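Report on the following structure.
Small disclaimer: the values here were computed from a predicted structure and weren't measured. In what follows, chains carry the letters A, B, and so on, assigned in the order in which the sequence lines appear, proteins first and then strands, with residues in each chain numbered from 1.
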There are 2 protein chains.
Amino acid sequence: MAEPDSNDNPQSSAQVARAVARLILTGVWREGTTLPREIELASRFDVSRASIREALSLLKAKGLIASKQKAGTHVRARFDWNMLDEELLNWTLSALPTQEFAKQIMEVRRIVEPEACAICAVRGTDEDFARIERAYRGMDAAGMDRVAYAEPDLQFHRGILIATGNDFLIAFGATVAAALRMSFNLSTTNPGAPRKSLPYHRAVLDEIWARNPDGARQAMHKLMDLTEQNIVSALSRQKKRDTEDESARGRRAR
Amino acid sequence: MAEPDSNDNPQSSAQVARAVARLILTGVWREGTTLPREIELASRFDVSRASIREALSLLKAKGLIASKQKAGTHVRARFDWNMLDEELLNWTLSALPTQEFAKQIMEVRRIVEPEACAICAVRGTDEDFARIERAYRGMDAAGMDRVAYAEPDLQFHRGILIATGNDFLIAFGATVAAALRMSFNLSTTNPGAPRKSLPYHRAVLDEIWARNPDGARQAMHKLMDLTEQNIVSALSRQKKRDTEDESARGRRAR
DNA sequence: GGAGAAGATATGTCTGACATAATAATTCTT
DNA sequence: AAGAATTATTATGTCAGACATATCTTCTCC
């Protein structure tokens, strides 16, 4: 979970990277667009060309852009973007936390996590299970405290992925982290919602301890159902609130 | 598929990035290791500090390393590595193409692709299907030509992922690409093997056209079975050959 | 012995310059 | 006049050296 997604990174190249990423993610600079020259970017963001280059190199690594000498730097096609990268996910999350995004992220979680859970039940070591158990205890101990609940929640899901011993499933933890952060941000409107998932986590854990892959898969599936439901309803609540604010502002403007 | 993984990137910073990544991936610089100072790296790789910084910033973006002022740059924990990144996958592939890696990559493909295929059958547009059909025709036209077969093969699988309209599943295409490249590299010992998958692809495509999610899932599952079988047997053949070379070299040394 | 101050050091940033490669413009040839 | 070859242009790639900043270490003082 690291830190809340505020601008807590003092490094200026990182800030530039984030700003440019935002421009791309929100579609201001569309796919195929050639972006301004490095010198222009430098003067626009009021940093040196070196910092710009460092920022761009970050975005290059994430597949957002590509550059060729003389030709310039352009925004790559959408499906070259490395959307499973944690930073990129967080940027997307804070740039456009839409219902569409929530649906997509829950769709993959539904595909991956139940299977990972089944594998975990078969292949995980007792040590792995103990780590997941500790995470569960942390969630339980957090009570109604949303903030304290978030970290062990992530550790729970991550623990299952780690127990599979599959590097690709482990890397999927970044996506899970983004999803959980999204739920966390949304849970302000309904602080009790996360806590409701506790017994579902317990059920998953019991099936794992029993080394029952089918049960584990099913239990995780139910947890996914609940999570998706929470996110969708929170998003529609938020959307409703936003449109109310919008109309209020509209009235005031008249 | 882009290009074969030879050293075709003239950019020196990219070369350094690759070299350092290799050192990390092969475990020469383990997790937690603090790597040499930027100046030392610069003199070791015989490039300027700026290029070193650019290389490191690439690796930072992929989660391999992290730096703090004064403290230095260190190798991050393995599960922070963004293993689903295409470049990182290719580096891993050329650094240590082990049986373990093959197993892992096929395990995720098995989890993701059949489900993606089912979603594709439901949600894909006729236009999406036509693109997949074109890819299939390309595979068919390639005949026994391994090289010509590879590209449309990737397009086939990628087309299914794209048709889901889910950005996360689309991003999974990088992993599929790495897997296919691995099969391609291995198919030298059995050039006919890829061609055998053609009817299985046809079966998948038919189920998709019929908009039959369950059938599509099952057909893709069978294709995954075949692919895994091919890879595993090719790897064991290669391993056998390697050990034979090894012992031959041993005899010669005596 | 512990708290605070001073120094050392590795990363972060800046400046300005030149190298390189791809494009655009120009010249030369047929 | 059309096309091929050559030159000019230009944006990224690389280099060098300097200073800023943050953090770890060491030293000093109470």
field: B:T164 side chain to B:I160 backbone, donor-acceptor under 3.5 Å
entry: no
task: Output the residues of residues 34-43 of chain A in contact with DNA chain D, where contact means a heavy atom of the residue under 4.0 Å from an atom of the strand; sort by number or write none.
output: A:R37, A:E38
task: Would you please name every residue forming a side-chain contact (heavy atoms from CB on, under 4.5 Å) with A:A71, sequence neighbours left out?
output: A:K68
message: Listing request: all ring pair (Phe, Tyr, Trp, His ring centres under 6.0 Å) pairs with a residue in residues 143-176 of chain A, at least two apart in sequence or in separate chains.
response: A:F156-A:H201, A:H157-A:H201, A:F168-B:F101
field: Sequence-distant partners of B:D46, salt bridge (charged side-chain N to carboxylate O under 4.0 Å, His left out), two or more places apart
entry: none
- request: Among C:dT23, D:dT12, C:dG12, find the nucleotide with the atom closest to the side chain of A:K70.
  value: C:dT23
- prompt: Restricting to pairs with a member in residues 26-74 of chain B, which pass ring pair (Phe, Tyr, Trp, His ring centres under 6.0 Å), not counting sequence neighbours?
  reply: none
- request: Kindly say if A:S12 contacts the phosphate of C:dG12, meaning a side-chain N or O under 4.0 Å from OP1 or OP2.
  value: no
query: Distance check: side-chain N/O of B:T73 vs OP1/OP2 of C:dT11, anything under 4.0 Å?
result: yes
Those residues that, when tested against A:F129, pass ring-ring contact (aromatic ring centres under 6.0 Å, His included) (two or more places apart): A:W209
- request: With sequence neighbours left out, write down each residue that passes side-chain contact (heavy atoms from CB on, under 4.5 Å) with A:A21, or none if nothing qualifies.
  value: A:L59, A:L64, A:W91
task: Would you please name every residue forming a side-chain contact (heavy atoms from CB on, under 4.5 Å) with A:T125, sequence neighbours left out?
output: A:E127, A:D128
task: Can you sort out the partners of B:R22 under side-chain contact (heavy atoms from CB on, under 4.5 Å), two or more places apart, ordered by chain and number?
output: B:T26, B:S94, B:A95
- prompt: So which of residues 45-68 of chain A are in contact with DNA chain C, with a heavy-atom cut-off of under 4.0 Å?
  reply: A:V47, A:S48, A:R49, A:A50, A:S51
Base-pair map of DNA chain C as dot-bracket, where | denotes pairing with a different strand and pairs are Watson-Crick or G-U under 3.5 Å: ||||||||||||||||||||||||||||||
query: Quick one: salt bridge (charged side-chain N to carboxylate O under 4.0 Å, His left out) partners of B:D145, sequence neighbours excluded?
result: none
